[in-house]
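Contents: one structure, followed by commentary.
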Amino acid sequence: MRLRLSRRTAHRAASPAPFSQGRNTLALARNEVVARGYEDPLRSELRLRWRDHFALNEYELHVPGLHPAHHGLRVAQLSDIHVGQATSDIRIRRAVMAVNASSPDMVFLTGDYVTHSPKPLPRVREVLAGLQGPVFVVLGNHDHWVNAPYLRDGFERLGYTVLQNEHRTVSVRGAPACVLGVDDGRTGRDDVEATFRGAPTSGTRLVLAHTPPTVEKLPPYAGLVQFSGHTHGGQFVVRGLTEALFRRAGQPYIRGHYAVRGNQLYVNQGLGFGFGGPYLRRGTEPEVAFFTLRAAPAVQAVE
């Protein structure tokens with residue numbers, strides 16, 4: 001079955017703007033999965049229920065130091081899935097299908113696969129099975145609060161690589177790419193020094209960390225890109241108030257793209273919560289994010 005999509009794209013400018021602390025530089029696209037006129041094996045009705053909808057957002061990231069072979073590399077990111085009553089299983093399975101239909105070179109899962117209850121733990125592996133290509137996983141605060149060892153074992157049984165203050169270098173398009181996975185900062189399990197120990201100091205280096213403020217602990221002006229989640233895009237957005245509350249809670253990066261200390265950060269809005277579940281969303285929508293990486297000149301530190 002082929003998904004028919006209503007898709008809008010958002011791209012960074014070809015010439016990256018100078019870096020500044022915490023500046024959100026990449027606009028978010030708004031779109032939804034739409035079922036039109038075919039038999040849907042996940043639901044008999046042709047029209048999707050609102051609770052099953054999510055956005056497919058396309059971005060370009062200009063990455064300093066990217067290996068030439070990785071110019072045009074495709075990455076997909078899923079985050080904050082929260083398997084259970086808060087998120088439709090059909091939404092999750094559709095997201096997996098959408099990722100596979102895009103044929104990315106790498107897939108990143110950036111934490112919070114459950115919420116508070118251990119009951120959905122066995123379903124996590126079921127609904128997230130079948131992602132194609134190298135899949136890299138980090139854990140979130142809710143995962144540690146519920147049962148992190150169980151989740152790690154489940155993902156590894158699927159053949160996915162779980163990184164807890166670890167890194168892996170893999171061959172992608174015939175060249176090495178290093179994925180660095182920092183464990184959850186909300187629960188104090190993050191150790192950036194351990195994650196980077198022995199890792200390459202140049203070339204394609206992509207960082208996964210559930211909590212966005214981890215970006216402030218990365219080596220500065222190192223041409224790194226960090227993929228995070230955790231915030232759900234603000235969850236219930238009231239202009240001005242939401243930003244102030246998040247800053248007060250130590251979460252100044254809410255959604256989208258930021259330039260921080262000479263590195264880049266993307267904060268995913270998360271696939272879970274809202275649209276028919278017990279946790280309301282307003283001003284933000286569940287998303288699957290796709291990135292095309294482009295080579296860019298090295299970033300120079302600003303005195």
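A quick note: this is a predicted structure, and the numbers were derived from the prediction, not measured.
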pair [X]-[Y]: side-chain heavy atoms closer than 4.5 Å:
X: Val99; Y: Val288; result: yes
X: Pro176; Y: Val170; result: no
X: Ser102; Y: Arg74; result: yes
X: Thr187; Y: Trp145; result: yes
X: Leu139; Y: Tyr113; result: yes
X: Asp184; Y: Asp190; result: no
X: Val146; Y: His116; result: no
X: Met106; Y: Val179; result: yes

Does a donor on one side chain sit under 3.5 Å from an acceptor on the other, for [X] and [Y]?
X: Thr204; Y: His70; answer: yes
X: His230; Y: Asn141; answer: yes
X: Arg152; Y: Gln164; answer: yes
X: Gln77; Y: Tyr59; answer: no
X: Thr231; Y: Arg255; answer: no
X: His144; Y: Arg189; answer: yes

As an exercise, state the distance from [atom1] of [X] to [atom2] of [Y], rounded to the nearest 0.5 Å.
X: Leu224; Y: Cys178; atom1: CG; atom2: SG; value: 9.5 Å
X: Arg125; Y: Leu151; atom1: CZ; atom2: CG; value: 11.0 Å
X: Leu109; Y: Ile81; atom1: CG; atom2: CD1; value: 5.5 Å
X: Glu60; Y: Arg294; atom1: CD; atom2: CZ; value: 4.5 Å
X: Glu193; Y: Thr195; atom1: CD; atom2: OG1; value: 9.5 Å
X: Leu293; Y: Leu206; atom1: CG; atom2: CG; value: 6.0 Å

Between the side chain of [X] and the main-chain N/O of [Y], is any donor-acceptor distance below 3.5 Å?
X: Gln226; Y: Pro212; value: yes
X: Arg173; Y: Gly72; value: yes
X: Thr211; Y: Pro213; value: no
X: Asn263; Y: Ala222; value: yes
X: Ser79; Y: Thr110; value: yes
X: His67; Y: Ala175; value: no
X: Glu285; Y: Gln269; value: no
X: Ser228; Y: Ala209; value: yes

Legend entry - From CA spacing to verdict: side chain to side chain contact (heavy atoms under 4.5 Å, CB included), Phe196, Leu218: CA-CA 9 Å; Phe196 278 75; Leu218 301 182; 3.9 Å; yes
If you look at every heavy atom in [X] and [Y], which pair is closest and at what distance?
X: Pro286; Y: Leu271; result: CB-O, 3.3 Å
X: Asn165; Y: Asp191; result: OD1-N, 2.9 Å
X: Glu287; Y: Asn57; result: OE1-ND2, 2.7 Å
X: Val107; Y: Leu131; result: CG1-CD1, 4.2 Å
X: Ala129; Y: Val96; result: O-CG1, 3.8 Å
X: Gly262; Y: Tyr221; result: CA-CD2, 3.4 Å

Legend entry - Test side chain to side chain contact (heavy atoms under 4.5 Å, CB included) applied to Phe136 and Val162, step by step: CA-CA 6 Å; Phe136 297 90; Val162 182; over 6 Å; no
Inset, instruction - Apply side chain to side chain contact (heavy atoms under 4.5 Å, CB included) to Asp105 and Val75, showing your working. - result: CA-CA 6 Å; Asp105 296 288; Val75 171; over 6 Å; no
Inset, instruction - Could you walk me through whether Tyr150 and Val124 pass the side chain to side chain contact (heavy atoms under 4.5 Å, CB included) test, one step at a time? - result: CA-CA 10 Å; Tyr150 182 99; Val124 173; over 6 Å; no
Inset, instruction - Look at Arg157 together with Asp153 and state whether they make a salt bridge at an N to O cut-off of under 4.0 Å. - result: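 A salt bridge links Arg157 with Asp153.
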Inset, instruction - Only one of Val138, Val207, Val215 passes side-chain contact (heavy atoms from CB on, under 4.5 Å) with Val182; say which it is. - result: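 The side-chain contact (heavy atoms from CB on, under 4.5 Å) with Val182 is passed solely by Val207 among Val138, Val207, Val215.
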Inset, instruction - Verify salt bridge (charged side-chain N to carboxylate O under 4.0 Å, His left out) between Glu126 and Arg93, making sure each step is shown before the conclusion. - result: CA-CA 9 Å; Glu126 295 174 10; Arg93 290 306 300 164; over 6 Å; no
Inset, instruction - Using the ring-ring contact (aromatic ring centres under 6.0 Å, His included) rule, collect all pairs that involve residues 71-105, keeping only residues at least two apart or in two chains. - result: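 Qualifying pairs, neighbours excluded: His82-His142, His82-His232, His82-Phe273.
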Legend entry - Phe227/Phe291 aromatic ring centres below 6.0 Å: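 Yes, the ring of Phe227 comes within the 6.0 Å limit of the ring of Phe291, centre to centre.
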